[in-house]
Amino acid sequence: MTSSADDALERAAGLVLAVDIGGTTIKAEIVDPALDAVRRADVPTPVPRPGPTTEAAGSGPAIVDAVIGASRDLLGDSAAEQRSRVRAAGVAVPGLVDAERGIARFSANLGWRDLPLAGPLRTGLGLPVVIGHDVRLAGEAEWRRGAGRGCDHLLVIVIGTGIAATVVSGGRTISGAAGQIAELGHVVVSPDGPRCGCGARGCLETIASATAIAREYARRTGGEVAGAADVVALLHTDPAAAAVWQEAVDALADGIRTAVAMFTPNRIVIGGGLALAGEALLEPLRRAVKVRAEVFGVPPIVGAAFGARAGLVGAALAAQQAAARAGSADG
Ligand SMILES: [Zn+2]
């Protein structure tokens with residue numbers, strides 16, 4: 001999109017509501033045309049009830065209520081003038097997502113299947129609502145407005161509790177037949193490695209996700225850590241931390257080699273919680289990728305611009321587009 005088209009969209013869009021449904025926290029923001037948060041609120045994600053993964057047994061209906069509750073609080077706390085300028089809502093959703101029909105198709109972590117989301121939220125909030133896959137929206141945010149801006153062949157890898165990627169090729173994001181993003185986390189990098197939730201062994205995310213890094217460090221040392229950030233903090237003083245970290249970096253480089261061989265991006269953006277490690281991750285990763293992928297041409301590897309807000313920013317961009325569509329339909 002050209003910057004003048006961006007500017008026109010911003011003017012048409014006014015304020016939007018952006019929501020990111022995470023495994024532990026639902027984050028909501030009122031976002032201004034420049035994509036900055038005007039107000040924000042966090043609520044805990046409702047825990048799934050045990051039982052078979054169905055809409056009724058999982059956390060689905062409770063999550064719909066929680067999103068509506070947090071959003072209403074946010075809008076209710078705003079001045080009436082500001083509230084009236086909120087034109088649409090965008091919601092970033094984990095798992096498998098049917099954005100077109102507004103349905104959250106499946107989340108193993110949150111225990112829902114075929115959960116209608118856009119319709120109930122539209123009714124509850126009285127706004128146009130669009131939903132999208134969280135990693136796709138984060139990727140769109142980095143591509144259109146962040147660290148991948150202006151790049152027509154781009155890989156945005158999001159590393160958190162899992163690993164997934166948005167692939168931009170020839171100036172378009174690539175989708176699977178059912179709208180999937182690239183499940184880079186399930187590329188096998190170590191055939192004898194740990195068992196993955198998908199049934200295979202040694203998937204990239206069993207070694208290099210933030211969750212896997214913390215788990216492996218705890219297993220080797222018997223020491224509990226709250227997360228991968230604790231392992232990063234020990235890199236220069238604890239050889240076990242350094243070893244676990246290097247193994248994760250090597251696994252990531254193996255996965256990236258596969259992606260580079262398939263898509264030959266001219267930039268790679270690393271986002272998600274693990275990217276908050278900054279150069280402690282990027283510097284050894286560049287070296288490890290260079291060794292493996294030099295034959296394909298190694299693109300620059302950079303950190304995400306929006307950090308942990310990327311999903312929210314992508315949801316806000318989607319909401320701006322929905323507001324513009326609603327505006328042109330009204331006119
Ligand atoms: Zn897997």
Side-chain angles (χ1 to χ4, degrees), residues 1-6 9 34-35 92 132-160 162-176 180-187 189 204-205 208-210 248-318 321:
M1 197 181 291
T2 66
S3 61
S4 65
D6 278 345
L9 186 62
L35 300 172
H133 188 278
D134 51 6
V135 171
R136 178 189 307 283
L137 292 176
E140 291 261 348
E142 292 295 339
W143 176 36
R144 296 193 180 281
R145 309 304 269 296
R149 191 166 186 169
C151 186
D152 279 350
H153 298 272
L154 176 71
L155 195 62
V156 182
I157 303 174
V158 177
I159 310 171
I163 299 175
T166 296
V167 179
V168 176
S169 182
R172 299 182 52 163
T173 53
I174 292 181
S175 291
Q180 305 96 324
I181 43 119
E183 295 285 1
L184 186 62
H186 296 286
V187 168
V189 294
L204 175 56
E205 71 180 38
S209 70
V249 165
D250 286 337
L252 269 177
D254 286 336
I256 287 173
R257 180 188 198 273
T258 299
V260 167
M262 291 178 71
F263 301 113
T264 52
N266 46 30
R267 194 177 310 164
I268 297 174
V269 175
I270 308 289
L274 203 68
L276 301 178
E279 287 299 312
L281 174 64
L282 296 175
E283 194 269 325
L285 185 59
R286 290 187 192 107
R287 266 188 285 123
V289 173
K290 189 172 191 306
V291 169
R292 289 164 174 78
E294 197 143 40
V295 64
F296 308 113
V298 179
I301 299 177
V302 301
F306 292 116
R309 260 192 93 228
L312 281 165
V313 172
L317 285 171
Q321 288 161 2

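Note that these values count all heavy atoms, side chains included, but never hydrogens, waters or copies made by symmetry.
Proximity of Thr173 to Trp143: side-chain heavy atoms (C-beta onward) are separated by under 4.5 Å at one or more points. Between Val158 and Ile163, every side-chain heavy-atom pair lies at or beyond the 4.5 Å cut-off. When side chains are defined from C-beta on, Val168 does not count as touching Ile174, because their heavy atoms never get closer than 4.5 Å.
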Listing, residues 297-312 side-chain donor-acceptor contacts under 3.5 Å, not counting sequence neighbours, or none:
{"residue": "Arg309", "atom": "NE", "partner": "Glu29", "partner atom": "OE1", "Å": "3.1"}
{"residue": "Arg309", "atom": "NE", "partner": "Glu29", "partner atom": "OE2", "Å": "3.1"}
{"residue": "Arg309", "atom": "NH1", "partner": "Leu35", "partner atom": "O", "Å": "3.2"}
{"residue": "Arg309", "atom": "NH2", "partner": "Glu29", "partner atom": "OE1", "Å": "2.8"}
{"residue": "Arg309", "atom": "NH2", "partner": "Leu35", "partner atom": "O", "Å": "2.9"}

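Closest approach of Ala210 and Ile159 over heavy atoms only: N-CG2, 4.3 Å. Ala253 and Leu285 make their closest contact through N-CD1, 3.9 Å (heavy atoms, listed as atom of the first residue, atom of the second, distance). Across all their heavy atoms, Gly255 and Leu184 have their closest contact at O-CD1, 3.7 Å. A pairwise comparison of heavy atoms in Gly148 and Val269 identifies N-CG2, 4.0 Å as the closest pair.
With sequence neighbours excluded, no residue forms a salt bridge (Lys or Arg N to Asp or Glu O under 4.0 Å) with Arg136. For Ala251, the side chain to side chain contact (heavy atoms under 4.5 Å, CB included) partners are Val189, Leu204, Ile207, Ala208, not counting sequence neighbours. The side chain to side chain contact (heavy atoms under 4.5 Å, CB included) test applied to Thr258 returns Val187, Met262, not counting sequence neighbours. Applying the side chain to side chain contact (heavy atoms under 4.5 Å, CB included) test to Asn266 and every residue at least two apart in sequence or in another chain returns Cys151, His153. Considering only residues two or more places apart in sequence or on other chains, Glu140 meets the salt bridge (Lys or Arg N to Asp or Glu O under 4.0 Å) condition with Arg144. Partners of Leu137 under the side chain to side chain contact (heavy atoms under 4.5 Å, CB included) rule, at least two apart in sequence or in another chain, are Ala92, Ala315, Ala318.
Here the CG-CD1 distance, from Asp134 to Ile181, works out to 7.5 Å after rounding to the nearest 0.5 Å. With values rounded to the nearest 0.5 angstrom, Leu252 atom CG is found 6.5 Å from Leu281 atom CG. Atoms CD1 and CD1, on Ile157 and Ile270 in that order, are 4.0 Å from each other to the nearest 0.5 Å. Atom OG1 in Thr264 sits 10.0 Å away from atom CZ in Phe296 (nearest 0.5 Å).
For residues 257-268, no residue pair satisfies the salt bridge (charged side-chain N to carboxylate O under 4.0 Å, His left out) rule, not counting sequence neighbours. Applying the side-chain hydrogen bond (donor to acceptor under 3.5 Å, both in side chains) rule to pairs touching residues 274-291 yields Glu279-Arg286, Glu283-Arg287, Lys290-Glu294, sequence neighbours excluded.
A donor-acceptor pair under 3.5 Å is absent between the side-chain atoms of Glu205 and the main chain of Gly162, judged by distance alone.
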Using the rule given for side-chain contact (heavy atoms from CB on, under 4.5 Å), can you reason through Thr166 versus Glu142, listing the C-alpha separation, both sets of side-chain angles and the distance that settles it, and then say yes or no? CA-CA 10 Å; Thr166 296; Glu142 292 295 339; over 6 Å; no
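At a threshold of 4.0 Å, the pair Asp152-Arg172 does not count as salt-bridged, since none of the basic side-chain nitrogens sits closer than that to a carboxylate oxygen.
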